[in-house]
Amino acid sequence: MAIGKNKNGKERIALTPGFPKYVGYIDCALSTPVSVRVKNNMGESAELKISIFDESGLTVPYEAPCSVPYESSVELSASGIFSPLFLAENSESRQIPVTVVAAGEGKELCRATEAVTVLPYDVWEGMEGNAERLACFVRPRLSDCSRVLEEAGKKLKKWLNDTELFGYVGSDKNTVRQIAAAVFAAIKSFSVEKAEETDLSLPVAAAAAEPILGSRRASELQLAVFAAACLEAAHLHPVLAVGKGAVGVGVWLYDSCFLDTVTDDCDIVGKYIAEGINNLSFFDADDLFSLKSVAFTPSEAHFAQKLKAGYYEYFVDIR
């Protein structure tokens with residue numbers, strides 16, 4: 001609410017918050033900034049104090065001075081305003097209103113409130129959110145990754161007479177493809193069952209509540225994120241392909257990456273996986289489950305079919 005209006009009937013000071021739609025613990029690790037646009041409709045410059053707060057403990061106390069020339073606007077960027085403790089302990093999705101206040105000369109001039117949806121610790125916001133944040137759930141230091149790599153090493157011993165998971169150093173594209181196939185086969189050998197159907201249109205758990213190799217149950221997204229973690233633990237550069245109803249796991253066959261962390265260019269991915277170019281290798285995460293396929297080597301053709309049919313919308317580099 002603004003205190004008074006100028007001669008044209010406009011609010012003297014107007015605030016426009018720019019908060020993310022979803023907030024989770026990942027935002028603390030990324031120091032996700034929030035923006036506040038402050039507009040001064042008066043005929044003189046304004047010296048203001050901007051405050052951001054809520055009543056639930058989601059934000060930490062924030063105040064900043066702001067000087068706005070007359071009939072102009074400025075945009076503030078505030079990072080680190082979300083409480084790590086609150087988000088680490090949050091166990092349910094809920095909406096929390098966050099308030100921004102502009103004060104000047106000892107009195108409140110304007111306030112604006114915007115609701116953000118707070119997510120549990122291991123939940124990703126889904127396809128309507130930020131695809132880039134999916135990379136934060138790929139955790140190569142999980143103990144289960146070591147178990148997979150140990151099993152993958154045994155398979156490489158049979159295929160290549162070599163157990164070294166040495167990444168790109170001294171490797172050609174065929175060797176990298178074999179390492180990725182060994183990781184695929186190792187995960188497949190643990191006979192993980194599919195816990196639920198895939199729907200990434202809304203926020204969804206990206207990490208399993210229990211270790212996957214212990215419970216032997218996971219969603220398609222959870223198993224794909226775990227597979228990407230295993231590939232990263234093998235010193236490779238994985239890629240996650242996501243759509244509303246499908247997830248794919250890929251790996252760069254040489255030391256490379258996309259120009260941006262996330263791309264939606266299905267055509268370029270199609271070229272990169274084409275025979276004769278072979279820059280990327282992908283498999284559909286559904287093939288990792290025990291009952292979906294008996295094959296213990298990844299089917300790149302299955303992924304290519306889904307790619308051509310438009311199942312995948314974003315491709316996220318894990319780097």
Side-chain angles (χ1 to χ4, degrees), residues 22 24-26 91-93 119-127 129 131 133-152 155 179-234 236 238-251 281-300 302-303 306 311-316 318:
Y22 297 102
Y25 185 78
I26 292 299
S91 60
E92 60 179 348
S93 295
L119 300 175
Y121 181 82
D122 278 331
V123 171
W124 172 57
E125 54 255 54
M127 295 300 294
R133 296 183 190 183
L134 188 57
C136 298
F137 295 95
V138 177
R139 299 160 182 166
R141 295 185 181 181
L142 292 174
S143 59
D144 275 357
C145 291
S146 298
R147 294 178 62 187
V148 168
L149 295 191
E150 181 179 357
E151 188 65 26
K155 298 184 183 303
I179 295 172
V183 170
F184 175 96
I187 295 174
K188 185 86 173 177
S189 69
F190 285 96
S191 300
V192 178
E193 295 183 4
K194 194 171 185 178
E196 58 191 42
E197 290 305 311
T198 303
D199 181 5
L200 305 186
S201 59
L202 297 173
V204 60
E210 300 178 9
I212 289 177
L213 300 189
S215 65
R216 304 293 174 94
R217 285 179 60 82
S219 70
E220 188 174 350
L221 179 64
Q222 290 166 356
L223 194 56
V225 168
F226 175 65
C230 293
L231 290 168
E232 188 174 11
L236 300 178
V239 180
L240 286 171
V242 290
K244 291 181 180 178
V247 189
V249 184
V251 63
S281 177
F282 270 97
F283 55 86
D284 190 78
D286 210 32
D287 293 337
L288 284 168
F289 291 104
S290 58
L291 300 179
K292 290 295 180 180
S293 170
V294 296
F296 275 78
T297 53
S299 172
E300 294 177 321
H302 187 198
F303 174 85
K306 283 193 169 184
Y311 278 81
Y312 308 107
E313 299 178 39
Y314 295 106
F315 305 87
V316 185
I318 312 301

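Position 1 is the first residue of the sequence, and the numbers go up from there.
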**Message:** Ring-plane angle category for Phe282 and Phe315, please: parallel below 30°, perpendicular beyond 60°, tilted otherwise.
**Reply:** perpendicular
**Request:** Any chance you could measure Ser219, atom OG, to Phe289, atom CZ, to the nearest 0.5 Å?
**Result:** 6.5 Å
**Tyr311, OH: over 12 other non-hydrogen atoms inside 6.0 angstrom** = no
**Item:** Donor-acceptor under 3.5 Å (Arg216 side chain, Ser191 main chain)
**Value:** no
**Message:** Around atom OH of Tyr22, are there more than 12 heavy atoms from other residues, nucleotides or ligands closer than 6.0 Å?
**Reply:** yes
**Prompt:** Where do Val316 and Ala135 come nearest, in terms of heavy atoms and distance?
**Reply:** CG1-CB, 4.2 Å
**Item:** Straight-line distance of Asp122 CG to Cys136 SG, nearest 0.5 Å
**Value:** 11.5 Å
**Asked** Which atom names give the shortest non-hydrogen contact between Leu240 and Ala228, and what distance separates them?
**Response** CD2-CB, 4.1 Å
**Asked** Checking side-chain contact (heavy atoms from CB on, under 4.5 Å) for the pair Leu288/Val192: CA distance, chi angles, key distance, verdict?
**Response** CA-CA 8 Å; Leu288 284 168; Val192 178; over 6 Å; no
**Asked** Which pair of heavy atoms, one from Trp124 and one from Ala206, lies closest together, and at what distance?
**Response** CB-CB, 4.0 Å
**Message:** Does Glu92 have more than 12 heavy atoms from other residues, nucleotides or ligands lying within 6.0 Å of its CD?
**Reply:** yes
**Message:** As an exercise, state the distance from CD1 of Ile26 to CZ of Arg133, rounded to the nearest 0.5 Å.
**Reply:** 9.0 Å
**Item:** Expected output: side-chain Lys188 to main-chain Asp287 donor-acceptor under 3.5 Å
**Value:** yes
**Request:** Could you go through the side-chain contact (heavy atoms from CB on, under 4.5 Å) check for Ser91 and Tyr121 one step at a time?
**Result:** CA-CA 7 Å; Ser91 60; Tyr121 181 82; over 6 Å; no
**Asked** Name the one of Cys230, Pro238, Cys145 that satisfies side-chain contact (heavy atoms from CB on, under 4.5 Å) with Val183?
**Response** Cys230
**Request:** With the side chain counted from C-beta on, respond yes when Ile212 and Phe190 share a heavy-atom pair under 4.5 Å apart, and no when they do not.
**Result:** no
**Message:** With side-chain contact (heavy atoms from CB on, under 4.5 Å) as the criterion, how do Phe283 and Val251 come out once you've worked through the C-alpha distance, each side chain's angles and the decisive distance to 0.1 Å?
**Reply:** CA-CA 9 Å; Phe283 55 86; Val251 63; over 6 Å; no
**Prompt:** Between Gln222 and Ala207, what is the shortest heavy-atom contact and its length?
**Reply:** NE2-O, 3.6 Å
**Asked** Would Asp199 and Val204 count as a side-chain contact (heavy atoms from CB on, under 4.5 Å) if you check the C-alpha gap in whole Å, the side-chain angles of each, and the deciding distance to 0.1 Å?
**Response** CA-CA 8 Å; Asp199 181 5; Val204 60; over 6 Å; no
**Message:** Which heavy atom of Glu151 sits nearest to which heavy atom of Ser189, and what is that distance?
**Reply:** CG-OG, 3.9 Å
**Request:** Search all heavy atoms of Ala186 against all heavy atoms of Val148 and return the closest pair with its distance.
**Result:** CB-O, 3.5 Å
**Request:** Report yes or no: does Asp144 contribute a side-chain atom to a donor-acceptor pair with the main-chain N or O of Leu213 at less than 3.5 Å?
**Result:** yes
**Item:** Charged N-O contact under 4.0 Å between Glu220 and Lys194
**Value:** yes
**Asked** In Å, rounded to the nearest 0.5 Å, how long is the span from CD1 of Ile179 to NZ of Lys155?
**Response** 15.0 Å
